[in-house]
Each structure stands twice: as structure tokens, then as C-alpha cells.
Amino acid sequence: MRAPQSKRALVTGASSGIGQAIAIRFGEEGSYVAVGGRDEARVQATCRDVEAAGGRAVAVPGDVSNADDARAVVEAAVAAMGGLDVVVNNAGIDANEWHDVADFPIDVFDQIMAVNTRGPFLISKFSIPHLLAAGGGSMLHISSVCATTVWSGDSAYGISKAALNMLSDHIAVEYGARGIISNTVMPACFVRRCTRESWKE
């Protein structure tokens, strides 16, 4: 394994929010970061932030829910950096409006599952061979407390993140002996009650 300061990291959903902060932190540690996201202009902006923090960066824009895009994102990262040591599955979306299960729009459910569950699966599928080729590596999946706590009206997001947790566990069991560490982080915001009325308070 390479020294921490020279890690080659792919971070999806890194054009804003948590993913952007992760990418910049890798830059502060001197890593080479492949910055993923759907908005190329914002991806390029994060690349500049990573470089300003002291790292190196390459833009690898694409839609992780699309198999061809996901493969291209991974291959572009590997081509630019010479391999992979770390993969951060951060890309994710939520519904603009919450609905109880019987009223939840099917197309919105499908979109959330595509980005939050299919996307990490595809990125993992295409990244694992490169991590193995590097002698192992680390995979970090950005899930949510919603994976284990019911927030009324937000079923699709919670289901998608629960599935992401299970994906992480499967990777850990199936590839741990071959040097791949797979972990899940479940960020949360403080609320008094897990309801659609209280989460914005």
C-alpha cells in the first residue's frame, strides 16, 4: 500500500457538500483525487479547490447510475492516476417532496434507487478489480442515519441507504481477505422527531 500522502482516491458526488469536503480533505493530505459529479463545471471547481489545498486533481464527470458512465468514470480515474487506492461512494439524492408509501411517485423512487444504490454498486463493481490490482485498498460508502431510522415520508431514501449499507457489508466479507476494507458512514442532522414536519426545524 502507498503512504497516506500519496493515495489515489476517487470521490463521487464531489461537486458539492460532503463529497466536496472529502475531496478537499484528501487534497490537504497530499493525495491525488479523481473528482466525480454530474455537473462538469462544478466538478472542475472542486478540482481547483483540491489543488489549492495541496493535492492533485482530475475531473471525471459522469452519471454513476448509468453503467457506461460509471465504467468511464472509474477508467478515467485509473488512467489519470495510474491506479486506485481509495474509493468514496458519496453521490446521492433525495426526493424534493416527501410522500407516504402509497403516494410515493414511482419515477422518483426509481431515480433515488438508481443514484443511491445502483450507482455505488456500479462504481464498486468497476473499481474493485483496480483495488485488487493495487494490492488492496479502502472503500467508503456515505450512507445516512435514515438507513436505520424511519423518517416518515422519506421511504425511498431510507431504503436506498439501507441497501447501500448491505452493499458495503458484502464487499467487506467478499474482499476483506484480499485486502479491501469496506466501511459505511451514516451522517445525520439533529431532529426532535423523525417526521417530515420536524426535519426542517
query = Do C47 and V58 have side-chain heavy atoms sitting under 4.5 Å apart?
reply = no

inquiry  = Quick check on the hydrophobic clustering: are V87 and I22 connected, directly or via other members, by side-chain heavy-atom contacts under 4.5 Å?
reply    = no

ask   = Under the side-chain contact (heavy atoms from CB on, under 4.5 Å) criterion, do W151 and V145 qualify, and how do the steps go?
value = CA-CA 10 Å; W151 289 36; V145 69; 4.2 Å; yes

Closest non-hydrogen atom pair, W98 against S152 = CE3-O, 3.4 Å

query = Taking the side chain from D63 and the backbone from D69, do they hold a donor-acceptor pair closer than 3.5 Å?
reply = no

Any side-chain heavy-atom pair of I181 and M139 under 4.5 Å = no

note = Note: T117 and S160 closest approach over all heavy atoms is OG1-O, 3.1 Å

ask   = Are V86 and V73 grouped together when hydrophobic residues (ILVMFWY) are joined by side-chain heavy atoms under 4.5 angstrom apart?
value = no

ask   = Okay, side chain of S31, backbone of V33: is any donor-acceptor separation there less than 3.5 Å?
value = no

query = Can you tell me how far OG1 of T148 sits from NZ of K161, rounded to the nearest 0.5 angstrom?
reply = 12.5 Å

note = Taken to the nearest 0.5 Å, the spacing of L131 CG from I180 CD1 works out to 4.5 Å

ask   = Does D85 pair with R8 as a salt bridge, N-O distance under 4.0 Å?
value = yes

ask   = Within the distance-only criterion (no hydrogens, no angle test), does the side chain of R118 pair as donor or acceptor with the backbone N or O of S65 below 3.5 angstrom?
value = yes

task = Would you name the heavy atoms of A91 and T12 that are closest together and state the gap between them?
result = N-OG1, 3.0 Å

inquiry  = For S16 and R42, which I'm curious about, is there any donor-acceptor pair between the side chains at under 3.5 Å?
reply    = yes

key: Side chain to side chain, S155 and H99, heavy atoms closer than 4.5 Å   = no

ask   = Quick one: are V185 and L140 in side-chain contact, heavy atoms under 4.5 Å?
value = yes

note = For A80 and Y32, the nearest pair of non-hydrogen atoms, with its separation, is O-OH, 3.6 Å

query = In terms of hydrophobic clusters joined by side-chain contacts under 4.5 Å, are I93 and Y157 together?
reply = no

request  = Could you check if a side-chain atom of V35 sits within less than 4.5 angstrom of a side-chain atom of V60, using non-hydrogen atoms only?
outcome  = no

key: Check: D94 and D154 side chains under 4.5 Å, non-hydrogen atoms   = yes

task = Drop me the distance from M186's CE to L164's CG, to the nearest 0.5 angstrom.
result = 10.5 Å

ask   = Does M81 belong to the same Ile/Leu/Val/Met/Phe/Trp/Tyr cluster as V74, with side-chain heavy atoms less than 4.5 Å apart forming each link?
value = yes

query = Between S15 and D39, is a side-chain hydrogen bond (donor to acceptor under 3.5 Å, both in side chains) present by the stated rule, with each step listed?
reply = CA-CA 7 Å; S15 60; D39 186 322; over 6 Å; no

task = Give a yes or no answer on whether the side chain of R178 reaches the backbone of L132 with a donor-acceptor pair at less than 3.5 Å.
result = no

message = The test is side-chain contact (heavy atoms from CB on, under 4.5 Å); show your working for I171 and I128 and say whether it passes.
response = CA-CA 9 Å; I171 293 169; I128 286 170; 4.3 Å; yes

inquiry  = Between R71 and E75 (salt bridge meaning N to carboxylate O under 4.0 Å), is one present in this structure?
reply    = no

ask   = Is a side-chain donor or acceptor of N90 paired with a backbone partner of V11 at a separation under 3.5 angstrom?
value = no

request  = Verify the distance criterion only: is there a donor paired with an acceptor across the side chains of D169 and S182 at less than 3.5 Å?
outcome  = no

message = Is there a continuous path of hydrophobic side-chain contacts, each under 4.5 Å between heavy atoms, that joins F26 to V78?
response = no

ask   = Does the pair E51/R48 count as a salt bridge with the N-to-O cut at 4.0 Å?
value = no

key: Straight-line distance of N89 CG to I123 CD1, nearest 0.5 Å   = 6.5 Å

task = To the nearest 0.5 Å, tell me how far F104 CZ sits from E97 CD.
result = 10.0 Å

ask   = Which atom pair, heavy atoms only, marks the closest approach of L10 to A77?
value = CD1-CB, 4.4 Å

request  = Would you mind reporting whether P187 and I142 have side-chain heavy atoms less than 4.5 Å apart?
outcome  = yes

key: Shortest non-hydrogen contact from V115 toward G92   = CG1-CA, 3.9 Å

ask   = Given side chains that start at C-beta, do those of V50 and R56 come closer than 4.5 Å, heavy atoms only?
value = no

query = Rounded to the nearest 0.5 Å, how far does CE of M166 lie from OG1 of T184?
reply = 10.0 Å

